[in-house]
Amino acid sequence: MIEHIQHLLQITDLDQATIMQLLARADAIIHADQHDREQQQLLAGKTLANLFFEPSTRTRVSFELAAKRLGAEVINFDEQQSSMRKDEALLDTMLSLQAMQCQFFVLRHSENSIVTTVARQMPPGIAVINAGDGTHAHPSQALLDLFTIQQHKPDFSALTVAIIGDIKHSRVANSQIAALQMVGVKAIRLIGPAELLPEPYADPRIQFAHDIRHGLQDADVVIILRVQKERIAAEQQPDLDAYYHDYGLTRDRLACASADAIVMHPGPVNRGIEIDASICDGPQSVIRQQVRNGVAVRMAILLLLAKNMDAYS
Ligand code: CP
C-alpha cells in the first residue's frame with residue numbers, strides 16, 4: 001500500500017491496496033453519523049483551490065463540498081477575472097495561491113500533460129489533483145465509479161464491464177480501464193464504431209466490439225460515455241442520429257446484458273444520443289448514485305493526500 005502520495009494525477013499513481021483502502025474510507029464516510037461528521041474536521045486550517053479551465057458541474061462542486069465537509073476553505077478560481085488574462089502563467093498563478101496558503105489544487109485543463117507538468121513543479125506538502133486533463137485521465141471519476149460498482153457488485157473478479165461510446169477521446173474511459181484492470185475484473189468490453197475506439201490493449205481481458213448487442217452479452221456493468229464533440233475535428237464529427245441508431249442504449253439493447261446489470265454514466269448525459277431517457281431514469285440506472293458518491297470518494301482522496309502534507313507541516 002502507498003503510504004505517502006503527494007499528487008493524484010492518474011490511477012496508476014495508486015496501487016490496488018490503496019484503491020481498496022480509499023473505497024473503504026469512502027464507505028465509512030457515507031455511513032458516519034452526524035456526530036462523527038462534526039468530529040471529523042480533519043482538514044480544518046487547510047485551503048483547496050479549484051482551478052477549472054474547462055466546464056464542470058459534478059467534479060468542481062463535489063470537490064468543493066468534500067473539502068468543506070472536512071473543514072477546509074475553498075477558493076473557486078475564476079480565470080476570466082484573474083491575472084492569467086494578463087498572460088500570467090498557470091504555474092505562477094498556482095505558486096501565488098500557494099503563497100496564500102492553498103495546499104490542495106484541483107485542476108482541470110484541455111491539455112493532456114499540463115496538470116502533470118505543473119504538479120512536478122510544486123513544492124513538497126502541496127497536492128495537485130487531476131480533475132480531467134484532455135484525453136488523458138480523470139482519476140477521481142474512475143474511483144467513484146469503482147465505489148459505485150462495489151456497492152452493487154462487491155466481487156470485482158466476477159465482473160464483465162461493458163463501456164460503450166467515444167472511448168478514444170475519453171479521459172474517463174482511460175482511468176476507468178486502468179482502475180478496472182487494477183482491481184482485477186474478469187473482462188472489459190469496449191464497444192463503439194472503429195473511429196471512436198482506442199488502440200488495442202495488450203491485456204487479453206480487454207476486448208473490442210462494434211456490435212452493441214454482441215458486446216453487451218451478459219455484461220454486469222454497462223458504462224455509457226457521451227461523444228466528446230469538443231475533442232473531435234469538425235470534419236470528423238459523427239452524425240448523432242446515426243450514432244443513436246447504432247450505439248444508443250435502448251431498452252431492447254440493455255436486455256442483452258445480465259438481468260441485474262447496472263447502468264452508469266459519468267455525465268454530462270445527452271439523452272436520446274448515447275442513452276434513452278427511460279434508461280437514464282430507470283431502475284437499473286445508478287447515475288445519480290455515482291454523483292452522490294463523488295463527494296465521499298473525493299473526501300477520501302483529500303484525506304489520503306493530506307497524510308503526505310502533514311509529514312511536511
Ligand atoms: N463526470 C464529470 O467529470 O462531470 P463534470 O464535467 O460535470 O465535472
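Note that ligands are numbered from 1 as they come in the structure, with each ligand's atoms numbered from 1 the same way. Heads up: numbering here begins at 1 and tracks the sequence. Please read these numbers as outputs of a predicted model, since none were measured by experiment.
When hydrogens are left out, the protein atom nearest atom 6 (O) of ligand 1 is Arg108 NH1, 2.9 Å; that is the closest non-hydrogen contact. Looking from atom 4 (O) of ligand 1 to the surrounding protein, the closest heavy atom is Arg58 NE, 3.0 Å. Considering only non-hydrogen protein atoms, atom 2 (C) of ligand 1 sits nearest to Thr59 OG1, 3.5 Å.
A side-chain contact (heavy atoms from CB on, under 4.5 Å) with Val297 is found for exactly one of Leu143, Leu146, Ile29, Leu302, namely Leu143.
When side chains are defined from C-beta on, Ile232 counts as touching Asp166, because their heavy atoms get closer than 4.5 Å. Using a 4.5 Å cut-off on side-chain heavy atoms (C-beta onward), Leu197 and Lys168 make no contact. Looking at heavy atoms from C-beta onward, Leu70 lies out of side-chain contact with Lys46 at the 4.5 angstrom threshold. In this structure, Glu64 and Val61 have side chains that are not in contact, with every pair of non-hydrogen atoms separated by 4.5 Å or more.
Within ligand 1, counting atoms from 1 as listed, the ones closer than 4.0 Å to a heavy atom of Gln141 are 1 (N), 2 (C). The Gly267 neighbourhood of ligand 1 comprises atoms 1 (N), 2 (C), 4 (O), with distances under 4.0 Å to a heavy atom of that residue. Taking every non-hydrogen atom of Thr57 and a distance limit under 4.0 Å, the qualifying atoms of ligand 1 come out as 5 (P), 7 (O), 8 (O).
Between Asp155 and Lys186 there is no salt bridge, since none of the side-chain N atoms of the basic residue sits less than 4.0 Å from a carboxylate O of the acidic one.
Ligand 1 is approached by His138 to a heavy-atom distance shorter than 4.0 Å.
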**Request:** Run the numbers on Arg288 and Asp281 for salt bridge (charged side-chain N to carboxylate O under 4.0 Å, His left out), then give the verdict.
**Result:** CA-CA 9 Å; Arg288 279 184 283 281; Asp281 305 317; 3.3 Å; yes
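The shortest N or O to N or O distance between Pro266 and ligand 1 is under 3.5 Å.
For Gln290, no heavy-atom contact with ligand 1 is shorter than 4.0 Å.
The heavy atom nearest to atom 5 (P) of ligand 1, out of those in Ser140, Ser56, Pro55, is found in Ser56.
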